[in-house]
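Here is the structure we will look at, set down as structure tokens.
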Amino acid sequence: MNNKEIAAFLGQLADYLELSGANAFRVNAYRRSARAIENQRINLAEKIDDLESIPGIGKGIAAMIRERVTTGQSSTLEECKSKLPPELPLLLKIPGLGPKSIAQLYQKLGITNIAELKQAALEHRIRPLSGFGPKKEEKILAGIETLSTRRNRYLLSEALQVAIHVKKELSTHPLIKQIEYAGSVRRQKEIIKDLDFVIATHHPAEVQKAIITLPEVIDIINQGETKVTVRLSMNDLEIDADFRIVIPDSYASALHHFTGSSEHNIQIRRQAKQLGYKVNEYGITDDQTGELLTFSDETTFFHHLQLPYIIPELREDRGEIAAALTNTLPKTMEQADYLGDLHTHTLYSDGAHSILQMVEAAKAKGYHFLAITDHSRSLKVASGLSIDDLYEQWEEIDRLNEALDDFTILKGSEVDILSDGTLDYPDDILAQLDIVIASVHTSMNQDEKTMTERMIRAMQNPYVHIIGHPTGRVLLRRDPYAVNIDQLFQAAKETGTILELNANPLRLDLNDQHLKKAKDEYQLRFTINTDAHAIPQFDLIEYGIRTARRGWLEKEDILNFHPWSEAKQWLKTSTVSSK
DNA sequence: GCCGTTTTCGGCCCGACTGTTTTCAGTCG
């Protein structure tokens, strides 16, 4: 049983407890413990006797985890399940419905699932309950409809496009002093549910009017004095957006507050409390004097809490406050220092541009090197290169390299890992390449043992330098391969194989949490590449770099931030290598 | 249920908005 499963188990307990009217702090204790476990570096099953050393886990929860891990059962969970219908927690997903309302619906009307709730609402049977009325009834019906029909998860790249556009539209407004998108988009999370904006103005009423009359607004969901929620439609994409309006003095605090994450904010407020302060979206209040302090920017806000500036990407309550207190935050990498892409495709396989065109685009971005890594021969759907094609490509690269100063084109391949873990080119061919990325593109449904062994076998090949998109997920479309990530990392460590962070916003693979784990527990090294199939995709590197920041990586950990003469020393060396 | 430079009890982050109320509970972020 892995940490994720244990965390899910505790989350399930929290849901049931909440629905049965348990003390909110007790419920919260379960949720906190679930979160603490998700962030644990060590597999809990191996730490089963020492669970109480994890902050947030005491005797009670530790005992429940032990029972669940060792027996596969949980008497507490069984008891909860025997008292409440199994589908009741699903009602928590309906917007506007919380534990109190659901408990009442169950107790008074015997509602146990969404279908029954819908029926009761349509028959106006929920109206007489205390706290319910016609509007609530309508809201519930709308919520059920939304749940079943509307898309409410977006790629970072999709959400960011809307956020940037709206920010630009409003920033020209004469009464808006400052505007920024906040929330998960600013933290660069890979999947976004809704947008958040913070606006500084002395004229909230006029600004509100400007917001609700934006051409993208198709629905006004909430409207208060300082907060308005709307539904936006742009590029065939509909997404909710919260706007928070504050006076300019409060802007920095509000920006921090609405950037979150909420778990990060809780930790910030705890830190503040220890210093005798109270933090809210308007500023920091001194407990002694009652004075509200405001800040010109987030940096001075953090400094007042005796912390260095923490970049938004790190604000996930994964230890950033503790690291800030000890000055051990990762050094922030900048895109300007990225020296070259090591995973790109050209017309030779399924790319859209020639080698020369790709090289010119790379030079224009200020790169110093570029690896051409077209697909290998068996990947027919992507026009994989035969060995003869490869020879032809090498000649072209040699010719181009001769004409280039201060730029190096590397001969590479994204070679397929065949279903048995062997590679799609023979070793004598691989040995002649500057850079070999091995990737899985076929038989993606193998069981965990088979897939893990397959990938490890590929890493054991002395000519494989990098594993491309190691988990194979495609966000919102395809699950990762069934691969044992710890075994994969261990093998990478033993074989000296570098793991890729594929920067395409559909992949972001490895993800932030994997990166942190791979660095902390296995001291691995990484490469960030776009996998560009066309020139504009070079720009996707920004998603990779920001995901790497979320994974607590630093320049030093990443191949692409080093000059090629240095970077190539990182690659696995083989005695038969011709290089 | 967890926790302690406020230490074994009594707190636990903080505020906006809605829809229901007749002063506020519930939900959300």
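Below, chains carry the letters A, B, ... as their sequence lines are ordered, and counting in each starts from 1.
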Which part of the nucleic acid, if any, lies within contact of E225(A), taking any heavy atom under 4.0 Å across all strands shown: a base, the sugar-phosphate backbone alone, or nothing?
sugar-phosphate

NZ/NE/NH1/NH2 to OD/OE distance under 4.0 Å, E334(A) and R549(A)
yes

Tell me: CZ of F132(A) to P of dG19(B), nearest whole Å?
13 Å

Return the value, rounded to whole Å, for the distance between atom OH of Y30(A) and atom P of dC2(B).
7 Å

Proximity to the side chain of S101(A) - top-ranked nucleotide from dT27(B), dC17(B), dC2(B)
dT27(B)

Is it the case that the ring center of F243(A) lies less than 6.0 angstrom away from the ring center of F197(A)?
yes

What's I221(A) touching, base or sugar-phosphate or nothing? Going by heavy atoms closer than 4.0 Å.
nothing

For dT23(B) and dC28(B), measure between their P atoms and round to the nearest Å.
25 Å

Residue pair G58(A)/I266(A) against DNA chain B: nearer the 5' end by closest nucleotide is G58(A)

Would you indicate which nucleotide in dC12(B), dG15(B), dT27(B) comes nearest to any side-chain atom of F25(A)?
dC12(B)

Which listed nucleotide (dA16(B), dG19(B), dC2(B)) is nearest to the side chain of R32(A)?
dC2(B)

N-O pairing of R473(A) and D509(A) below 4.0 Å:
no

Looking for any heavy atom pair under 4.0 Å, which part of the strands does T226(A) touch: base, sugar-phosphate only, or nothing?
sugar-phosphate

Can you tell me how far C1' in dC2(B) sits from the matching atom in dT8(B), rounded to whole Å?
12 Å

Check each of R315(A), R318(A), Q513(A) against R550(A) using the side-chain contact (heavy atoms from CB on, under 4.5 Å) test, and report the only one that passes.
R318(A)

For atom C1', what is the distance between dA25(B) and dT20(B), given to the nearest Å?
9 Å

Any side-chain N or O of T229(A) under 4.0 Å from OP1/OP2 of dC17(B)?
no

Starting from the 5' end of DNA chain B, give me the residue, I54(A) or P134(A), whose nearest nucleotide shows up first.
I54(A)

P spacing across the pair dT6(B) / dC12(B), given as an integer number of angstrom:
14 Å

Shortest side-chain distance from H257(A), nucleotide among dG19(B), dG1(B), dG29(B)
dG29(B)

Report the distance from atom CG of N28(A) to atom C1' of dC14(B), rounded to the nearest whole Å.
13 Å

State whether K227(A) places a side-chain N or O below 4.0 Å from either non-bridging phosphate oxygen (OP1 or OP2) of dA16(B).
no

Distance in angstrom units between I245(A) CD1 and dG15(B) C1', rounded:
16 Å

Applying a 4.0 Å non-hydrogen cut-off, can you work out what Q223(A) is touching in the nucleic acid: base, sugar-phosphate, or nothing?
sugar-phosphate

What integer number of Å spans the C1' atoms of dG26(B) and dT21(B)?
12 Å

Minimum-distance nucleotide to D196(A) side chain [options: dG1(B), dT27(B), dG29(B)]:
dG29(B)

Expressed as a whole number of Å, how far does the C1' atom of dT7(B) sit from that of dC3(B)?
9 Å

Between dG29(B), dG15(B), dT27(B), which nucleotide gets closest to the side-chain atoms of P99(A)?
dT27(B)

Between H264(A) and H256(A), is the ring pair (Phe, Tyr, Trp, His ring centres under 6.0 Å) condition met? List the steps.
CA-CA 10 Å; H264(A) 166 88; H256(A) 174 267; 5.1 Å; yes

Hey, does N280(A) reach any base, or is it just sugar-phosphate, or nothing, if we go heavy atoms under 4.0 Å?
sugar-phosphate

Nucleotide dT6(B), atom P - distance to CZ of R270(A) in whole Å
15 Å

Can you measure L13(A) atom CG to dC2(B) atom C1' for me and round it to whole angstrom units?
16 Å

Can you tell me, in whole Å, how much space there is between the C1' of dC9(B) and that of dC14(B)?
24 Å

R68(A) backbone acceptor or donor facing T71(A) side chain under 3.5 Å:
no

Please work out if V27(A) contacts a base, only the sugar-phosphate, or nothing of the nucleic acid, heavy-atom cut-off 4.0 Å.
nothing

Within the structure shown, what part of the strands sits under 4.0 Å from I57(A) by heavy-atom distance: base, sugar-phosphate, or nothing?
sugar-phosphate

Which class fits the ring pair H304(A) and F295(A): parallel under 30°, tilted 30 to 60°, perpendicular over 60°?
tilted

Rounded to whole Å, how long is the line connecting atom CD of E52(A) with atom C1' of dG1(B)?
13 Å

Is the phosphate of dT6(B) approached by K273(A) (side-chain N or O, under 4.0 Å from OP1 or OP2)?
no

Spacing of the C1' atoms in dT18(B) and dG11(B) (rounded, Å)
29 Å

Whom does dC12(B) pair with, Watson-Crick or G-U wobble, provided both distances fall under 3.5 Å?
dG1(B)

Residue pair D486(A), Y522(A): steps toward the side-chain hydrogen bond (donor to acceptor under 3.5 Å, both in side chains) verdict:
CA-CA 9 Å; D486(A) 280 287; Y522(A) 298 90; 2.5 Å; yes

Roughly, in whole Å, what's the span from NZ in K139(A) to C1' in dT20(B)?
12 Å

Indicate, with a heavy-atom threshold strictly under 4.0 Å, whether L97(A) touches base, sugar-phosphate, or nothing.
sugar-phosphate

Which nucleotide in dC2(B), dA16(B), dG19(B) has an atom nearest any side-chain atom of I61(A):
dC2(B)

Considering just the side-chain nitrogens and oxygens of N222(A), establish if one lies under 4.0 Å of OP1 or OP2 belonging to dC17(B).
no

